[in-house]
Amino acid sequence: MTHLPPSDKALVPFVSVDHMMQLIHRIGVEEMLRGLAAYIEADFKRWQLFDKTPRVASHSAEGVIELMPTSDGDVYGFKYVNGHPKNTAEGLQTVTAFGLLADVASGYPVLLSEMTLLTAMRTAATSALVARTLAPKDSTVMAMIGNGAQSEFQTLAMKAICGLKEVRLYDIDTAATRKCAANLADAGVTVTSCSTAEEAILGAQIITTCTADKQYATILTDNMIGSGVHINAIGGDCPGKTELAPAILHRAEIFVEYPEQTRIEGEIQQLAEDHPVTEIWQVLNGQAAGRRSDEQITLFDSVGFAIEDFSALRYVRDQLQETGLYDALDMLADPDDPRDLFGMLQRARPS
């Protein structure tokens with residue numbers, strides 16, 4: 001049997017969960033959130049270069065499994081991600097993910113990465129980027145409704161990017177609130193645990209909803225929302241999963257990532273198909289207005305879009321060379337003659 005080591009062409013950098021954790025701490029959580037936001041903003045500003053399609057979803061009674069592809073013409077990327085709300089009761093993550101970047105010219109992968117942690121980071125970075133753009137000036141208090149896996153990331157991103165000083169926590173599961181409060185104890189923000197959603201919203205200029213129930217839900221009712229706030233609705237991410245009363249949507253100026261996806265999965269699935277919305281890339285590019293008055297209610301109906309994952313993978317790839325925090329996986333066949341794949345197979349034939 002001939003044993004040949006894999007060539008450089010066969011090797012693809014792989015960022016494991018362990019390496020991702022090390023990378024985040026080496027860069028710093030808040031610094032990485034700022035870096036991710038900068039990459040996402042840069043890619044949103046070249047939005048028209050990208051292939052865009054609603055994610056390909058496979059729904060079941062238990063949850064959803066999705067593929068999220070895009071390309072800027074030079075680099076292709078996709079993410080595999082699931083959402084299974086029942087998982088936490090069984091000791092599993094609600095969301096898991098991995099992603100890949102590839103060279104468009106050759107089709108060869110150039111990066112494979114875990115994206116469970118990275119999705120949490122990019123989701124929070126996107127929320128804070130949009131809040132910095134749309135929230136009332138000098139917003140310092142956020143209500144965090146839903147204190148699960150995303151809540152700490154959202155809080156730290158708002159602190160790092162928007163200058164958040166206080167977070168007010170509420171979850172129907174008081175253990176989740178205790179967990180979040182403990183994790184944020186040394187984060188440099190004032191943490192207030194609340195017994196109702198109404199209490200959490202008091203004094204907050206930013207209201208973030210991030211709950212996991214896969215059903216038509218009303219986490220926020222119309223009478224809970226006063227004027228002059230920014231709502232960051234990130235829990236809705238599939239058909240039939242909403243968090244806001246329709247009346248709130250009719251009072252708010254709504255901003256979305258990609259309407260063709262958001263009308264299927266977001267809060268606006270509750271509205272008529274022609275209900276006006278503004279794409280956030282247009283605001284970042286100066287092509288559309290953001291907040292126009294202190295009294296206005298702005299709503300970011302965020303479902304997550306493939307370009308955000310592309311940006312996050314692009315950011316990670318740019319950090320790897322100097323850190324060495326990756327493994328080289330033997331993923332690609334590399335025969336001596338590109339037309340002789342069978343000949344390569346024969347290298348491993350038993351003597």
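When reading the values below, keep in mind they use all heavy atoms of this one structure, side chains included, and skip hydrogens, waters and symmetry mates.
Contact between Ile40 and Arg122 at its shortest, heavy atoms only, is CD1-O, 3.9 Å. The two residues Asn147 and Leu169 have their closest heavy-atom pair at OD1-CB, 3.5 Å. The nearest pair of heavy atoms linking Ala306 to Met68 is N-CE, 3.7 Å. Residue Arg347 comes nearest to Asp334 through the heavy atom pair NH2-O, 3.7 Å, listed as atom of the first residue, atom of the second, then distance. Nearest heavy atoms, Ala37 versus Leu129: O-CD2, 3.9 Å. Of all heavy-atom pairs between Leu36 and Ala312, the closest is CD2-CA, 3.7 Å.
You'll find the side chain of Leu249 reaches within 4.5 Å of the side chain of Leu299, heavy atoms only. Side-chain contact check for Phe310 versus Leu101: some heavy-atom pair is nearer than 4.5 Å. Looking only at side-chain heavy atoms (C-beta outward), Leu325 and Arg26 come within less than 4.5 Å of each other. Taking the side chain as every heavy atom from C-beta outward, Leu284 and Thr133 approach each other to under 4.5 Å. Residues Val189 and Glu166 fail the side-chain proximity criterion, which asks for heavy atoms closer than 4.5 Å. Looking at Pro259 and Glu279, their side chains come closer than 4.5 Å, going by heavy atoms from C-beta outward. Contact annotation: the side chain of Leu67 never approaches that of Arg55 to less than 4.5 Å [non-hydrogen atoms, C-beta and beyond]. Taking the side chain as every heavy atom from C-beta outward, Ile225 and Leu220 approach each other to under 4.5 Å.
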Take His230 and Ile207 through the side-chain contact (heavy atoms from CB on, under 4.5 Å) test and state the conclusion after the steps.
-> CA-CA 6 Å; His230 174 66; Ile207 302 167; over 6 Å; no
Run the side-chain contact (heavy atoms from CB on, under 4.5 Å) check on Met144 and Arg168 step by step: do they pass?
-> CA-CA 6 Å; Met144 186 71 231; Arg168 301 174 63 81; over 6 Å; no
Start with the C-alpha gap between Asp43 and Ser311, add the side-chain angles, then the distance that decides, and say whether side-chain hydrogen bond (donor to acceptor under 3.5 Å, both in side chains) holds.
-> CA-CA 7 Å; Asp43 284 341; Ser311 305; 2.6 Å; yes
Please report the C-alpha distance between Gln154 and Ser127 in whole Å, then the side-chain angles of each, then the deciding distance to 0.1 Å, and finally whether the side-chain hydrogen bond (donor to acceptor under 3.5 Å, both in side chains) criterion is met.
-> CA-CA 7 Å; Gln154 289 285 322; Ser127 294; 3.1 Å; yes
Test log, rule side-chain contact (heavy atoms from CB on, under 4.5 Å), inputs Ser302 and Glu257 | CA-CA 7 Å; Ser302 176; Glu257 291 136 320; 3.2 Å; yes
Salt bridge (charged side-chain N to carboxylate O under 4.0 Å, His left out) between Lys79 and Glu66, intermediate numbers included = CA-CA 8 Å; Lys79 182 173 79 173; Glu66 299 167 328; over 6 Å; no
Could you please spell out the steps behind the side-chain hydrogen bond (donor to acceptor under 3.5 Å, both in side chains) verdict for Lys165 and Thr190?
-> CA-CA 6 Å; Lys165 294 182 179 178; Thr190 300; over 6 Å; no
For salt bridge (charged side-chain N to carboxylate O under 4.0 Å, His left out), just list the numbers for Lys52 and Glu260, CA-CA rounded to whole Å, side-chain angles, deciding distance to a tenth of an Å, and then say yes or no.
-> CA-CA 9 Å; Lys52 293 172 284 289; Glu260 289 86 341; over 6 Å; no
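Side-chain N or O atoms of Asp72 include one that pairs as donor or acceptor with a backbone N or O of Asp74 at under 3.5 Å. Under a 3.5 Å cut-off, the side chain of Thr323 and the backbone N or O of Leu320 do form a donor-acceptor pair. Between the side chain of Arg291 and the backbone N or O of Gln296 there is at least one donor-acceptor pair closer than 3.5 Å. Of the possible polar contacts, one joining the Gln261 side chain to the Gly304 backbone as a donor-acceptor pair under 3.5 Å is found. Between the Asn232 side chain and the Thr208 main chain, no donor and acceptor come within less than 3.5 Å of each other. A donor-acceptor pair under 3.5 Å is absent between the side-chain atoms of Thr123 and the main chain of Ala120, judged by distance alone. Side chain of Glu62 to backbone of His84: no donor-acceptor contact under 3.5 angstrom is found.
Residues Phe14 and Tyr326 keep their aromatic ring centres 6.0 Å or farther apart. A centroid separation of 6.0 Å or more is found between the aromatic rings of Phe300 and Phe255.
Atom NZ of Lys9 has 12 or fewer heavy atoms from other residues, nucleotides or ligands within 6.0 Å. Atom CZ of Arg34 is surrounded by more than 12 heavy atoms from other residues, nucleotides or ligands within 6.0 Å. The local environment of CD in Glu90 is crowded, with over 12 non-hydrogen atoms from other residues, nucleotides or ligands closer than 6.0 Å. Taking a 6.0 Å sphere around CG of Asp186, one finds it holds 12 or fewer heavy atoms contributed by other residues, nucleotides or ligands.
Taking 4.0 Å as the cut-off between side-chain N and carboxylate O, Lys137 and Asp294 do not count as a salt-bridged pair. With salt bridges taken as basic N to acidic carboxylate O contacts below 4.0 Å, none links Arg46 and Glu41. Of the charged side-chain nitrogens involved, none lies within less than 4.0 Å of a carboxylate oxygen, so that Lys241 and Glu265 do not count as a salt-bridged pair.
For Ser227, there are no side-chain hydrogen bond (donor to acceptor under 3.5 Å, both in side chains) partners, not counting sequence neighbours. Every residue two or more places apart in sequence or in another chain was checked for a side-chain hydrogen bond (donor to acceptor under 3.5 Å, both in side chains) with Arg263, and none qualifies. Residues passing the side-chain hydrogen bond (donor to acceptor under 3.5 Å, both in side chains) test with Asn223, sequence neighbours excluded: Thr221. Remark: Tyr39 pairs with Asp318 by the side-chain hydrogen bond (donor to acceptor under 3.5 Å, both in side chains) rule, at least two apart or across chains.
Listed by chain and number, the hydrophobic cluster partners of Phe342 are Leu345, where partners are ILVMFWY side chains within reach of under 4.5 Å, directly or through others.
Within the structure, salt bridge (charged side-chain N to carboxylate O under 4.0 Å, His left out) contacts touching residues 101-116 (residues at least two apart or in different chains) do not occur.
Side chain to side chain, Gln319 and Glu322 fail the donor-acceptor criterion of an N or O pair below 3.5 Å. Checking Thr94 against Asn87 by side-chain atom types alone, no donor-acceptor pair falls below 3.5 Å. Side-chain contact check for Glu243 and Thr209: at least one donor-acceptor pair (N or O, by modelled atom type) lies under 3.5 Å. No donor-acceptor contact under 3.5 angstrom links the side chains of Thr242 and Gln269, judged on distance only. Side-chain contact annotation: Thr70 with Asp51, donor-acceptor N/O pair under 3.5 Å absent.
Using cut-offs of 30° and 60° on the angle between ring planes, the pair Trp47 and Phe44 is perpendicular.
From Trp281, atom CH2 reaches atom CG of Asn285 across 6.0 Å, with rounding to the nearest 0.5 Å. Between the CD atom of Gln287 and the NZ atom of Lys45 there is a distance of 11.5 Å, given to the nearest 0.5 Å. The CD1 atom of Ile219 sits 4.0 Å away from the OG1 atom of Thr211 when rounded to the nearest 0.5 Å.
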